[in-house]
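Values reported hereafter were calculated over all heavy atoms of this structure, with side chains retained and with hydrogens, waters and symmetry mates removed. Since this is a predicted model, take the numbers as computed values, not measurements. Chain letters run A, B, ... following the sequence lines, proteins first and then strands; every chain starts at 1.
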Amino acid sequence: MYVAVKGGEQAIDNAHRLLAEERRGNPEQQEISVAQISGQLALAVDRVMAEGSLYDRELAALAIKQARGDMIEAIFLLRAYRTTLPRFGYSEPLRSDRMQVRRRVSATFKDLPGGQLLGPTFDYTHRLLDMTLLDDGEPSAQPAAERVGESSDGPLPRVVDLLNDEGLIETETPADERDVGDLTRESLTFPAGRDLRLQNLARADEGFLLGLGYSTQRGYGNNHPFAGEIRMGEVAVEFVPEELGFPIEIGEITVTECQMINQFQGSEQAPPQFTRGYGLVFGQSERKAMSMALVDRALRASELGEEAENPAQDEEFVLYHSDNVQATGFVEHLKLPHYVDFQSELTVLRRLRADFETASGPVPEAAE
Amino acid sequence: MTETPLLQATALTRMYGKRVGCRDVSFDLWPGEVLGVVGESGSGKTTLLNCLSAQLEPSGGEILYTRRDGRQVDIFALSEGERRLLLRTEWGLVRQNPRDGLRMAVSAGANVGERLMAVGARHYGDIRGQARHWLTELEIDAERIDDLPRNFSGGMQQRLQIARNLVTSPRLVFMDEPTGGLDVSVQARLLDLIRRLTRDLGLACIIVTHDLGVVRMLSHRLLVMRGGEVVEAGLTDQVLDDPQHPYSQMLVSSILPV
Amino acid sequence: MNAPTSAKSLAMPAETKSAETKPAEAKPRQEAGYNYAYLDEQTKRSIRRALLKAVAIPGYQVPFGSREMPMPYGWGTGGVQVTASVLGPDDTLKVIDQGADDTTNAVSIRRFFAKTAGVKTTTRTEEASVIQTRHRIPETPLKAGQIVVFQVPIPEPLRWLEASEAETRKMHALEEYGVMHVKLYEDVARFGRISVAYDYPVKVDGRYIMRPSPIPKFDNPKLDRSPALMLFGAGREQRIYAVPPYTEVRSLDFEDHPFEVESWPRCCALCGAKDSFLDEIIVDDQGGRQFVCSDTDYCEARRAAGHRGPA
């Protein structure tokens, strides 16, 4: 007896060895390379970068490999690495209007300057398993994709900016003069500004946002949304080194941006106009960008004087529960030993049972 | 002590943007006095009540309250902590829907005892004794002390809400349509009970309602509101029997046939 | 209150606390490639500032910029960050989970610090200068100069009564705690006694209501006027709070239903202790049970001193 609490060290070592074996899988098969993951499971890499809040394809691919394809575990690995990185400054705001666009669609206008650009999308594919991919070799020969017009020749104007010229949509104004907040450095307090909300949503679990966004469409806080524009492509990251004093381009990243346009009845202060919900995600993920934009708009309910009665409109509810690394840790911590607490509950329960059996009901008043 | 009014509202105004909530309302309320505020929905009576009970900051004007210690204080000059303390000691607030004023997930006894515990009562037996006392006062069977309010009828829930307020012996109780949503027979019994309690306890009370029957039975004085303003004020009998303002006349005549 | 002393030991965690090192494990080398105790110095400094504030306002929850740690949230990230911030090279660290040094999560955290800070570790309560714990306070009385670091899952005592953080902060600020007793009242009304078994709410220094973390209420009296400094870290919830040495910690109760702790009709099967928290162990598939000390160090020390239980 008394084995229950002994042998922890050895058990951990053994478990980790087993894990390493399982990760490798059948040693007869060739080991998957990080480059393969990065190149061929690119959307998985995008998700890990987005929710891991670190734009590094190679490390994200490594995390996926190490995590055996468990996305949240991979995100966690990347986050834990990210914490240790020194921070030497903040970039200039991204100019998505200068994006080298690879995909751009608008649901609100049939045609618009620059046109609709379908790009690499699952939309309109028929979801039929392609058995030719079963073979390890190259897929059966297909004519090469038309590369002409694959990306925009120059910057494309943003749909919301076109509406803005007419004054039909609210103007985005920077919240205030303060620096943009950073919730990986300071604890979240409420009410959170829109900067912190957007940061939280950009890091949030895709599935959680998808469910919340979906709920707003089904009557739990309807926004009457229109997908004003979704664009995906490359934007330059600019940074102002202190010694130079002007911005220099330090790289290029792929992002997906979504601008939702929503009805608004107006208030005493503001005339009826369209309002915005905004989504921006690392890599290519329309699902996440669109969900984020829906939830961002829903969270603006109080600011716009709307009733905020639904989950997606509740700032504390959304921001406190959106992070999958936090959520998975706390849910899974239930498998840690709790036997001291359980013992305490047992003791109390036995006493309550004893009381019940002697009194056959709550303790009578007189006994108090 | 009766030299100063219990509550003194001066030029009280509350705007919602450009829309008027209530405007330029002034009155004095004396200890033990019951003041009725009547008007149709949208007349500003609920806005006025929310301002008076310190739940809504007015855009202008002043509310002075004379505390138990004799000091007259400006309600909105107090700190939030002092205001909230006042609300759960010297004041009471009875909401139209008892669900908004009760903790539905805890027993009737805990609902009544909460205010006592909030001000430091730490003797379970005493708290329970007080709870029994106030349940009985409000004509609720003390045997139901451990039942959840959700198992009570609407009239009982409303009486429980009143008991919960009275346990700290408040001097001023705000009531927002206290009989709204109740059956007529239940209403009559509740009104009777409120009248007895205000009289026996010397409670001052501000009752907002659209029901002239309620104010006729309970209130000493009356404010008639329309469009956010008080159009007529006076003794209840006087206003109801001989209304001066055309709107009061209309209001009274529309209710009399009932 | 002894805040200045504890503040000093916070700011200078490196002071030597124990000369005797024999049973402590040999001091391992520090892991290359990481900063001392994993976190960068700026982060540790910001956490120490939060700790100083926490010590200055006993029981008050100080928000802090919790970092993402290489272990999951809910597994002690708050405690680990606090320990990392107060741990000096001359410290001796003890880590327990459920009172035991050898439970897997305790092992994992102890290894983490052995690796990243190269500190000495020990299982002996009296040798440790810093004790990180989950769910227990050691049975061996704590001494002045020792720091206990608690892992906290949910720091807010009012959370189950009020879901909104904005509102609970206001309730703390205004000392509006009536609703805490409503919960206790309900227990007595329903069960005839207060049925909270662990994480039993306390009032610290007559002011703030605090969750002592999920320790059994058996351990609550050990918090009261303890000579050791008690630090609480909640990583996921980004809060730090503290009980400075010799601070009054009262468990909430009613005058006519006073706070009481668990007791067992039996002693530890191994060491015969009657004064320790006992874990129940199922020893066969007929449901046979044995009760043994949850604090493994306490139990071993007693057995080493010749005490024996009925087993």
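Remark: side-chain polar atoms of Glu186(C) are paired, donor with acceptor, to backbone N or O of Ser107(B) under 3.5 angstrom. Using a distance-only test at 3.5 Å, with no hydrogens or angles considered, no donor-acceptor pair links the side chain of Asp256(C) to the main chain of His123(B).
Among Arg122(B), Glu80(B), Met117(B), Arg103(B), the residue with the largest count of heavy-atom pairs under 4.5 Å with chain C is Arg122(B).
The environment of CZ in Arg84(B) is crowded: more than 12 heavy-atom neighbours from other residues, nucleotides or ligands sit within 6.0 Å. Open room surrounds CZ on Arg45(C); 12 or fewer heavy atoms of other groups in view lie less than 6.0 Å from it.
The shortest non-hydrogen separation linking Val182(C) to Ala110(B) is CG1-CB, 4.0 Å. For the residue pair Ala189(C) and Asp146(B), the shortest heavy atom distance occurs at CB-OD1, 3.6 Å.
Taking the six-membered ring where tryptophan is involved, the planes of Tyr185(C) and Tyr124(B) are tilted, since the angle between them lies from 30° to 60°.
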*Does the pair Glu176(C) and Arg83(B) meet the rule for a salt bridge (charged side-chain N to carboxylate O under 4.0 Å, His left out), with working shown?*
CA-CA 12 Å; Glu176(C) 281 183 9; Arg83(B) 256 200 314 274; over 6 Å; no

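Of the two parts of Lys170(C), only the side chain, counted from C-beta on, holds a non-hydrogen atom closer than 4.5 Å to a non-hydrogen atom of chain B.
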